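Would you mind keeping the following structure in view while I ask a few things?
Predicted model only: the values in this text are computed from it and were never measured. These values consider heavy atoms only, across backbone and side chains, with no hydrogens, waters or symmetry-generated copies.
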Amino acid sequence: MLADVVSVSVSRVLFEDVTKSFGEVVAVDSLDLEVIDGEFLVLLGPSGCGKTTVLRMVAGLETVTQGTLRIGNRVVNDVEAKDRDVAMVFQSYALYPHMNVRKNIESPLVARHFSVDGGAPRKLTASERSQRITQAAETLGLASLLDRKPAALSGGQRQRVALARAIVSRPAAFLMDEPLSNLDAKLRAETRLELVELHRKLGTTIIYVTHDQVEAMTMADRIAVISDGRLQQVGAAQEVYDRPSNLFVAHFMGSPPMNTFEATVAGGGREGEVTGAAGRVRIDAGPAISLPPVGSRVVVGVRPEHLRSQGHGQQGRQQEGLRARVSAVEWLGYERHVICDVAGRTITLREPAEGQAPNLGEEIYLDVVANHVLLFDPATSERIP
Amino acid sequence: MTKPLAVPVDEDHVRSRRRSIKDTMLGLAFLGPSAVIFTAFFFYPLYRLVWLGLHQQNRTGTRERWVGFSQYADTLTSADFLDGVRISATYVLYTVPLGLVLGVLLAVVADRKLRGIKVFQTIFASTVASSVAVASVIFFVLINPQVGYFGDVSFLSLSDPGSALRGVALSSVWQNLGLTFIIVLAGLQAIPAEINEAATLDGYGPFRRFWRITIPLISPSLMFLVVVLTVFAFQAYAQVDILTGGGPAGATETLVWKIFSDKEPSQYGEGAVMASGLFVITLGVTLAQFRILEKRVHYGA
Ligand SMILES: Nc1ncnc2c1ncn2[C@@H]1O[C@H](COP(=O)(O)OP(=O)(O)OP(=O)(O)O)[C@@H](O)[C@H]1O
Ligand SMILES: [Mg+2]
């Protein structure tokens with residue numbers, strides 16, 4: 001029981017105003033983030049935004065330039081990597097090429113001391129080690145591959161060996177740096193599910209780095225979106241998707257990305273209107289939200305699935321909404337993306353691939369689902385609440 | 001009875017034979033240049049060597065007579081030859097392990113990202129640019145009993161038959177250090193940083209990491225160096241000639257020195273036999289090294 005309590009408190013990772021700079025380059029800028037014990041947190045952001053650097057600071061492979069980093073309740077700024085009790089899965093897997101799978105998985109067990117059944121930490125005996133290896137290998141379906149060298153494994157198998165090596169020492173937290181990026185699409189989808197399953201089984205904190213929002217949305221308990229070394233938003237996938245806190249998150253999450261265009265507030269109150277160059281958009285801002293005063297400039301954000309095309313193929317009807325000219329149609333089998341030109345801006349509409357697709361060059365009107373419109377401040381690019 | 005079906009098959013046959021002739025010609029053309037070079041500088045000298053060993057020259061070297069394999073039997077069992085083998089083997093033992101260990105140490109020290117490390121890397125590598133003669137002259141100045149700065153270090157003294165070979169060996173170690181350093185450093189730098197980081201996270205200290213990760217991963221370089229340094233050591237001549245001239249009391253007469261030095265034309269046959277002996281020994285040792293080390297060497301994934 002006590003052991004459980006101890007191990008629980010050990011798994012939290014807390015960044016307090018953490019900054020990392022490499023000379024002039026600030027890779028991570030004043031990061032404040034709490035990774036809750038046992039959660040699957042995904043660090044999501046474009047290439048070069050500092051995700052790997054965050055992970056490497058937790059692992060102890062990079063020093064913290066400023067701020068405090070805690071694992072559990074312990075400040076680890078000056079704790080060496082080998083004493084941090086975290087396991088990392090590298091993007092390249094970093095398997096030892098000269099060791100077979102068994103030796104690779106055993107590796108974290110040979111040098112360290114472990115406390116068995118709450119006893120004082122000591123080295124594991126050979127039989128304890130082989131028991132753990134067997135267990136980890138079975139969890140990841142590697143039992144038949146134990147005597148192979150990494151060179152004789154497929155990419156997916158190598159990835160599983162790397163995972164087995166990470167789980168075998170039962171660390172306080174797993175750090176994973178784009179572990180699926182070397183896999184093909186099918187294997188990646190399968191492994192995503194396996195990872196979620198593994199996390200459910202082990203209940204260990206996972207910090208997972210990716211630039212792939214599909215991975216983030218399918219696996220994460222919470223997503224931390226990072227751009228340019230700064231944390232943009234943390235929250236559950238749905239929250240980040242539905243209520244992005246600024247334009248960066250709005251554009252980064254979702255494929256195709258959210259449509260945005262500038263407009264002026266034309267009507268106040270709860271149900272307002274904005275007018276832009278291409279027409280009027282009605283807004284149902286919801287009870288908790290107040291529109292900015294009439295006349296202020298805003299950036300309107302609408303997801304492609306919250307646009308409805310109406311009346312293509314119908315002539316002469318009085319149209320509302322945004323006037324748009326169809327410039328391309330992408331067909332994806334189960335849906336299509338209609339790419340339109342709206343007063344010089346590209347707006348994408350996503351609709352089920354049913355019925356007649358609009359013709360290229362045709363003029364259509366886009367309706368906006370009023371209660372899904374978001375507004376952003378053009379000056380700060382923050383969402384207007 | 002004719003078999004109409006056979007006709008196209010035959011045509012195919014002809015075509016494929018024509019192509020294979022063409023391929024053979026092309027292959028020979030590519031082989032040509034190296035075949036010429038090997039013949040001129042390896043096969044023909046080897047043939048001459050064996051031939052010389054079967055003959056004895058007159059005093060002036062203008063005539064020879066056939067003596068057959070008796071010259072091989074006599075020379076290869078002579079005390080002179082066996083002495084040379086013993087001295088050369090000792091020379092290998094003095095130079096190869098020490099050179100390898102020093103080279104690896106320097107490379108490990110220099111393989112880190114520090115300001116100014118390039119300067120040290122250049123210095124450590126610099127002995128590749130020196131010839132045997134330069135190395136020998138430097139050591140002559142350092143350890144020569146009469147004029148050397150360290151002429152009185154008895155452990156390396158060139159005037160004592162018990163230690164002279166060590167003094168000569170040291171100059172070889174120094175001279176080959178640059179090569180060893182460069183090759184080991186290249187091997188170290190080819191190890192992905194993430195492998196070392198993974199080992200650190202697995203709780204390895206520097207020593208365990210060195211033995212369990214670094215050494216296995218640079219083993220191909222090490223194996224190459226063992227083979228090459230051994231061959232170099234068996235071929236040592238110039239350093240002996242410059243530093244000791246084979247002395248004192250013949251204590252530094254390596255096999256090559258014996259083959260090369262103070263030979264009258266009438267002894268050319270003997271020298272040729274010894275050279276053949278050296279060739280066979282070097283070949284044998286190298287093959288043995290391959291067989292023993294190959295099993296323990298990991299070639300990258
Ligand atoms: N050792 C280093 N020295 C100097 N700059 C570095 C170093 N490591 C990272 N950086 C810089 O820090 C920034 C963040 O790098 P990081 O590797 O964390 O990005 P990332 O988000 O992981 O990108 P990717 O998705 O491409 O892996 C980049 O601008 C990078 O150039
Ligand atoms: Mg990265």
Query raised in the report: What distance separates B:Leu201 CG from A:Ser169 OG, expressed to the nearest 0.5 Å?
Result: 9.5 Å
**Report entry** Engaged part of B:Ala193 at the chain A interface, taking heavy atoms whose separation is under 4.5 Å
**Finding:** neither
Query - B:Gly203 versus A:Lys82, closest heavy-atom pair with distance - result: CA-CB, 3.6 Å
Query raised in the report: Which atom names give the shortest non-hydrogen contact between A:Val110 and B:Arg212, and what distance separates them?
Result: CG2-NH2, 4.2 Å
Report summary line: Nearest heavy-atom approach of B:Tyr204 to A:Ser107 is OH-OG, 2.8 Å
Query raised in the report: Quick one: what part of A:Arg84 sits under 4.5 Å from any heavy atom of chain B, side chain, backbone, both or neither?
Result: neither
**Report entry** Exceeds 12 heavy-atom contacts within 6.0 angstrom, atom CD of A:Gln131
**Finding:** no
Report task. Please report the closest heavy-atom contact between A:Leu95 and B:Ile195, naming both atoms and the distance. Result -> O-CD1, 3.0 Å
Query - Over 12 non-hydrogen atoms of neighbours within 6.0 angstrom of CZ in B:Phe290 - result: no
**Report entry** Approximate separation, where rounding is to 0.5 Å, of B:Glu197 CD and A:Arg56 CZ
**Finding:** 4.0 Å
Requested in this report: Hey, could you give me the CE/OG1 distance between A:Met88 and B:Thr200, rounded to the nearest 0.5 Å?
Outcome: 11.5 Å
**Report entry** Top contributor to chain B contacts, counting heavy-atom pairs under 4.5 Å, from A:Ala166, A:Gly60, A:Pro108
**Finding:** A:Pro108
Query - With sequence neighbours excluded, residues passing ring pair (Phe, Tyr, Trp, His ring centres under 6.0 Å) with B:Phe181 - result: B:Phe124
Report summary line: Residues B:Asp202 and A:Arg112: closest non-hydrogen pair is O-CG, 3.9 Å
Query - Heavy-atom closest pair, residues A:Arg165 and B:Ala198 - result: NH2-CB, 3.7 Å
Query raised in the report: Side chain, backbone, both or neither: which part of A:Ser92 has a heavy atom under 4.5 Å from chain B?
Result: both
Query raised in the report: Within a radius of less than 6.0 Å around CZ of B:Phe207, do more than 12 heavy atoms belonging to other residues, nucleotides or ligands occur?
Result: no
Report summary line: Max heavy-atom pairs within cutoff under 4.5 Å with chain B, candidates A:Lys103, A:Met99, A:Glu80, A:Gln91, goes to A:Met99
